[in-house]
Amino acid sequence: MTERSGPTTTGPLPLASRQDGTYPRPQLMRAAWTNLDGTWSFRHDDGDLGTAAGWSTGFDEPRDIVVPFPPESAASGIDEPGFHPVVWYARTITAQDLDDAGRSGSTPRVLLHFGAVDYRATVWIDGVFVGEHEGGHTPFSFDVTRLVTSDASTDQHDHTLVVRAEDDPHDVTQPRGKQDWHEDPHAIWYRRTTGIWQTVWLEAVPTVSIRQLRWTPSDHRSMALGVVLQGGTAPAGSRIRVDLRWDERGEHLGTVEVTVPTATDVIDLVVPVARQGNGQAEDELQWSPERPRLVDATVSLIGAPRLQSDTSDLPEATRETSATGVLDAVASYFGIRSVAVDRGAFLLNDRPYDVRSVLDQGYWPESHIAAPSYTTHRHEVELIKELGFTAARIHQKIEDPRFLFWADRLGLLVWGEAPNAYAFSPRAVQRLMREWMDAVERDVSHPSIVTWVPVNESWGVQHVPQDRAQQAYTRSLADVTRALDDSRPVISNDGWEHTASDIITVHDYEGDGPTLARTYADDAARTRLMTGAGPAERRILVDGAVDTGQPVMLTEFGGVNFQPGSTRDDGWGYTVAASGEDWIERITALYDAIRASSFLAGSCYTQFTDTLQETNGLLTADREPKVDIAEIRRAVTGRA
């Protein structure tokens, strides 16, 4: 069992691009925070009796669980994968926790953050209701100042934090991705995840503070920045200052300062990067997998003579009486890069780029969809790149932001994909739409994410070819994604039955290389694909969708089953290899077919690792290569 006792960080504001991968929100960092991961009290509540029994103040006969590992996993210490729709957690918040989070007279507000709780969470402190959240893959926070602070200078009381999580294993209107609704995993579905599966943490902030930063490319020489405040508004005369630095060169890239014209809690500005104005040198700072350059930014809120905020819930000793000077400052980073599609090509920084991707389920034997340790995310990115890939399609999961940090830092393109529901109904529509919008807002600033995928293989929209409501739904998901972020391509339904996609993606598990080569050979083959029945007898375009020359990518293929040294016979893939040599020959033939195509703009091999009963990974479930990793890389890239 792996226990992740959380670090506590204090001191000067860090360089966000050089963080160690432990901070739960890598593009908005403060110097002080404390991690509440580790051993909590835990109980199943199969009869859903806990609320009436008063468990919100604590409960009898608890068991120990290691947060943030799901109780279905061995790493949690519970290791019970059966149906348990309601679970409870409890932990003490000590005065030391609050101090370590940075609580002080200048930072009096205490925020309680949850990275992800599947599926519906209700939170209490000392039996007092704090709030609730629905959505198993997205973060949420509560201001708990009034519940944990009577006087920041003298309060030494401990407080009991209780979380109830509800996750109905049979409710297929919930966005659940690969989580099985059967008791045991079957086909392509895996163990369920109930409750807390990402970090729980505390931070103290000023009365009015920076809640969100949103970086998106403005043009090749500037970034658009949206700053969202919490705790009050910035009155007219307040300022936002942005200091830029390229740490790799030790180069200061400039300072931008804007004055807020009217009272508001949302400030939008454009941040130019002066050195990018020289076309001869602009490539030096552009982000790509080959050169993942990141720009560090310190964003500061500077007060006007009086800040408009509500301090009535704060102890007298902590209420601000002046708002001059720097009120809040956070560390962030961004990457200067553009993505687009044009005339059948995927463009990265205005140049055609061959997207060589691998399907990554983000699942580990001992900890399921929660990473086993803080070092895991870096190791995953490094392995994917070592195998010869430039991209990863995180499949049916909104991945931990710390994975995205290492993708940003080390240079890996990422396809951002929603975990889908399996049913179509008004409730299913509302749930996925809400959770997907939250996910896009959470991850929009990461340069590694280059494509959005709200739906996969018609999951939850099984009748989209003829059902007008389902067609409207997939179009709406794609369009609301574009409304939130118009800087990336959007795929309305990955694999087939596209209604409104900027990239046409196809899933094809043909196991014979020459046959695959004929399917994707040339423009005539492309026309046949777009106008007839595609792989799995699914049409590629439906609902009047038009082939306007979008790039075409083969975003699922391969899936060759090979289990070196294993005697198990319950694993499977789409085809089976008899030996390591046969396995490599099959993969090479499939990639040769893709390389021979005149129109494919990218591909995604299934899959990165074996996952439970699926034994079609390039690596074992324990992340060991099935043959020498150089052989795999040669098959994937076509070169030594």
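These figures come from a predicted structure and were not determined experimentally.
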Engineer: So which pairs with a foot in residues 49-72 pass salt bridge (charged side-chain N to carboxylate O under 4.0 Å, His left out), sequence neighbours left out?
Structural biologist: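 Qualifying pairs: Arg63-Glu80.
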Engineer: Could you verify whether a donor N or O on one side chain and an acceptor N or O on the other, from Thr199 and Arg402, lie under 3.5 Å apart?
Structural biologist: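 Side-chain D/A pair, Thr199 to Arg402: present.
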Engineer: Could you tell me whether a side-chain N or O of Gln27 sits under 3.5 Å from a main-chain N or O of Ser445, the two making a donor and an acceptor?
Structural biologist: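 Yes, Gln27 side chain to Ser445 backbone: donor-acceptor pair under 3.5 Å.
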Engineer: With heavy-atom distances below 4.5 Å as the criterion, would you say the side chains of Val148 and Ile125 are in contact?
Structural biologist: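 Heavy-atom side-chain distance check passes, below 4.5 Å.
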Engineer: How close do Thr145 and Pro108 get, counting heavy atoms only, and between which atoms?
Structural biologist: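 Between these two residues, the closest heavy atoms are CG2-O, 3.4 Å.
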Engineer: Would the distance check show the side chain of Asp408 and the main-chain N or O of Ser448 forming a donor-acceptor pair, the cut-off being under 3.5 Å?
Structural biologist: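 Yes; at least one donor-acceptor contact below 3.5 Å.
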Engineer: Can any side-chain N or O of Trp40 pair as donor or acceptor with the backbone N or O of Leu36 at less than 3.5 Å?
Structural biologist: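 Checking the backbone N and O of Leu36 against the side chain of Trp40, a donor-acceptor pair under 3.5 Å is found.
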Engineer: Ring centroid separation for Phe405 and Phe403, is it under 6.0 angstrom?
Structural biologist: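 No; Phe403 has its ring centre 6.0 Å or more from that of Phe405.
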Engineer: Report yes or no: do Trp215 and Ser332 form a side-chain donor-acceptor pair below 3.5 Å?
Structural biologist: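 Indeed, the side chains of Trp215 and Ser332 share at least one donor-acceptor pair under 3.5 Å.
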Engineer: How about Phe114 and Trp201: are their ring centres within less than 6.0 Å of each other?
Structural biologist: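 For Phe114 and Trp201, the ring centres are not under 6.0 Å apart.
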Engineer: Give a yes or no on whether the backbone of Ile196 and the side-chain of Tyr89 come within a donor-acceptor separation of less than 3.5 Å.
Structural biologist: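 Confirmed, Tyr89 side chain pairs with Ile196 backbone.
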Engineer: Got a sec, which residues hit side chain to side chain donor-acceptor pair (under 3.5 Å) with Gln230, two or more places apart in sequence or on another chain?
Structural biologist: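 In terms of side chain to side chain donor-acceptor pair (under 3.5 Å), with neighbours along the sequence ignored, Gln230 is linked to Ser209.
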Engineer: Could you tell me which residues satisfy salt bridge (Lys or Arg N to Asp or Glu O under 4.0 Å) with Asp610, sequence neighbours excluded, listed by chain and number?
Structural biologist: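 With sequence neighbours excluded, Asp610 shows a salt bridge (Lys or Arg N to Asp or Glu O under 4.0 Å) to Lys626, given in chain and number order.
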Engineer: Kindly indicate whether the side chain of Pro68, heavy atoms from C-beta on, has any atom under 4.5 Å from the side chain of Val200.
Structural biologist: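 Side-chain contact under 4.5 Å: no.
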Engineer: Does any part of the side chain of Ile188, heavy atoms only, come nearer than 4.5 Å to the side chain of Glu614, both counted from C-beta?
Structural biologist: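 Yes, at least one pair of side-chain atoms sits under 4.5 Å.
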Engineer: Regarding Asp48 and Arg164, does a basic nitrogen lie under 4.0 Å from an acidic carboxylate oxygen?
Structural biologist: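 Yes.
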Engineer: Indicate the ring-plane relationship of His84 and His44, choosing parallel, tilted or perpendicular according to the 30° and 60° boundaries.
Structural biologist: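 Plane angle under 30°, so parallel.
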Engineer: Pick out which of Glu417, Lys178, Gln361 makes a side chain to side chain donor-acceptor pair (under 3.5 Å) with Gln396.
Structural biologist: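 That would be Glu417; it is the only one of Glu417, Lys178, Gln361 passing the side chain to side chain donor-acceptor pair (under 3.5 Å) with Gln396.
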Engineer: Classify the side-chain pair Thr375/Ser373 by whether it contains a donor and acceptor separated by less than 3.5 Å.
Structural biologist: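 Side chains of Thr375 and Ser373: pair found under 3.5 Å.
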Engineer: Among all residues two or more places apart in sequence or in another chain, which pass the salt bridge (Lys or Arg N to Asp or Glu O under 4.0 Å) test with Arg378?
Structural biologist: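 Counting only residues at least two positions away or on another chain, Arg378 forms a salt bridge (Lys or Arg N to Asp or Glu O under 4.0 Å) with Glu382.
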Engineer: Does Glu166 reach the main-chain N or O of Val86 with its side chain, forming a donor-acceptor pair under 3.5 Å?
Structural biologist: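 Looks like no, no N/O pair under 3.5 Å.
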Engineer: Is Arg623 reaching over with its side chain to a backbone N or O of Ala621, donor-acceptor style, under 3.5 angstrom?
Structural biologist: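 Present.
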Engineer: Between Glu134 and Tyr119, does the side chain to side chain donor-acceptor pair (under 3.5 Å) criterion hold? Intermediate values first, please.
Structural biologist: CA-CA 6 Å; Glu134 181 177 296; Tyr119 170 72; 3.1 Å; yes
Engineer: Measure the shortest side-chain to side-chain distance between Ile369 and Phe69 over non-hydrogen atoms and say whether it is less than 4.5 angstrom.
Structural biologist: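 A side-chain contact under 4.5 Å is absent here.
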Engineer: Can a side-chain donor-acceptor contact be found between Asp168 and Gln174 if the only test is distance below 3.5 angstrom?
Structural biologist: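 No pair is found: no donor N or O on one side chain lies under 3.5 Å from an acceptor on the other.
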Engineer: State which residues pass side-chain contact (heavy atoms from CB on, under 4.5 Å) with Ser425; sequence neighbours excluded, sorted by chain then number.
Structural biologist: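 Listed in chain order: Thr173, Arg427, Ala428.
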Engineer: Over 60° means perpendicular and under 30° means parallel, so classify the ring planes of Phe59 and Trp55, tilted if in between.
Structural biologist: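 It falls in the tilted class, 30° to 60°.
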Engineer: Do the side chain of Glu132 and the main chain of Thr122 share a donor and acceptor less than 3.5 angstrom apart?
Structural biologist: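 The answer is no, because no donor-acceptor pair under 3.5 Å joins these two groups.
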Engineer: Could you verify whether a donor N or O on one side chain and an acceptor N or O on the other, from Asp118 and His137, lie under 3.5 Å apart?
Structural biologist: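 Asp118 vs His137: no donor-acceptor pair found between side chains.
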Engineer: Ignoring hydrogens and geometry, is there a side-chain-to-backbone donor-acceptor pair from Asp467 to Ala472 under 3.5 Å?
Structural biologist: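 The answer is no, because no donor-acceptor pair under 3.5 Å joins these two groups.
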Engineer: Which pairs, with at least one residue in residues 438-452 and sequence neighbours excluded, count as a salt bridge (charged side-chain N to carboxylate O under 4.0 Å, His left out)?
Structural biologist: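 Matches after skipping sequence neighbours: Arg214-Glu441.
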Engineer: Could you check whether any side-chain heavy atom of Val381 comes within less than 4.5 Å of a side-chain heavy atom of Ile384, counting everything from C-beta outward?
Structural biologist: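 They are not in contact (no side-chain heavy atoms under 4.5 Å apart), so the answer is no.
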Engineer: Any salt bridge (charged side-chain N to carboxylate O under 4.0 Å, His left out) involving residues 184-196? Give me the pairs, sequence neighbours left out, ordered by first then second residue.
Structural biologist: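 Pairs touching residues 184-196 that pass the test: Asp184-Arg191.
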Engineer: Looking only at atom types and distance, does a side-chain atom of Glu203 sit under 3.5 Å from a main-chain N or O of Ala32, one as donor and one as acceptor?
Structural biologist: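 Not at all, since once roles are kept as given, no pair shorter than 3.5 Å links the two residues.
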Engineer: Partners of Ala478 by side-chain contact (heavy atoms from CB on, under 4.5 Å), sequence neighbours excluded?
Structural biologist: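 Once residues adjacent in sequence are excluded, the partners of Ala478 under the side-chain contact (heavy atoms from CB on, under 4.5 Å) criterion are Arg482, Val490, Ser492, Ala500.
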Engineer: Could you tell me which residues satisfy side-chain contact (heavy atoms from CB on, under 4.5 Å) with Ser476, sequence neighbours excluded, listed by chain and number?
Structural biologist: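 By the side-chain contact (heavy atoms from CB on, under 4.5 Å) rule, Ser476 matches Met433.
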Engineer: Report the residues that fulfil side-chain contact (heavy atoms from CB on, under 4.5 Å) with Ala439, sequence neighbours left out, ordered by chain and then residue number.
Structural biologist: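 So Ala439 forms a side-chain contact (heavy atoms from CB on, under 4.5 Å) with Thr138, Ile398, Trp436.
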Engineer: With sequence neighbours left out, write down each residue that passes salt bridge (Lys or Arg N to Asp or Glu O under 4.0 Å) with Arg176, or none if nothing qualifies.
Structural biologist: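 Arg176 satisfies salt bridge (Lys or Arg N to Asp or Glu O under 4.0 Å) with no other residue.
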Engineer: I'd like to know if the side chain of Tyr374 pairs up with that of Asn35 as donor and acceptor (distance under 3.5 Å, no hydrogens or angles considered).
Structural biologist: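 Yes - a donor-acceptor pair under 3.5 Å links their side chains.
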Engineer: I want to check something: taking the side chain as every heavy atom from C-beta on, are Asn456 and Glu556 in contact at a cut-off of under 4.5 Å?
Structural biologist: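 Yes; the side chains approach each other to less than 4.5 Å.
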Engineer: Among residues at least two apart in sequence or on other chains, which ones pass salt bridge (Lys or Arg N to Asp or Glu O under 4.0 Å) with Glu457?
Structural biologist: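 In terms of salt bridge (Lys or Arg N to Asp or Glu O under 4.0 Å), with neighbours along the sequence ignored, Glu457 is linked to no residue.
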Engineer: Ignoring hydrogens and geometry beyond distance, is a side-chain donor-acceptor pair present between Thr620 and Asp622 at under 3.5 Å?
Structural biologist: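 Per modelled atom types, Thr620 and Asp622 side chains form no pair under 3.5 Å.
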Engineer: Run the salt-bridge test on Asp143 and Arg211 with the 4.0 Å N-O cut-off and return the result as yes or no.
Structural biologist: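 Between Arg211 and Asp143 there is no salt bridge, as every charged N stays at least 4.0 Å from the carboxylate O atoms.
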Engineer: So, does Asn493 use its side chain to make a donor-acceptor pair with the main chain of Ser458 at under 3.5 Å?
Structural biologist: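 Here the side-chain-to-backbone pair exists.
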Engineer: Under a 3.5 Å cutoff, is there a donor and acceptor pairing between the side chains of His113 and Ser141?
Structural biologist: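 Indeed, the side chains of His113 and Ser141 share at least one donor-acceptor pair under 3.5 Å.
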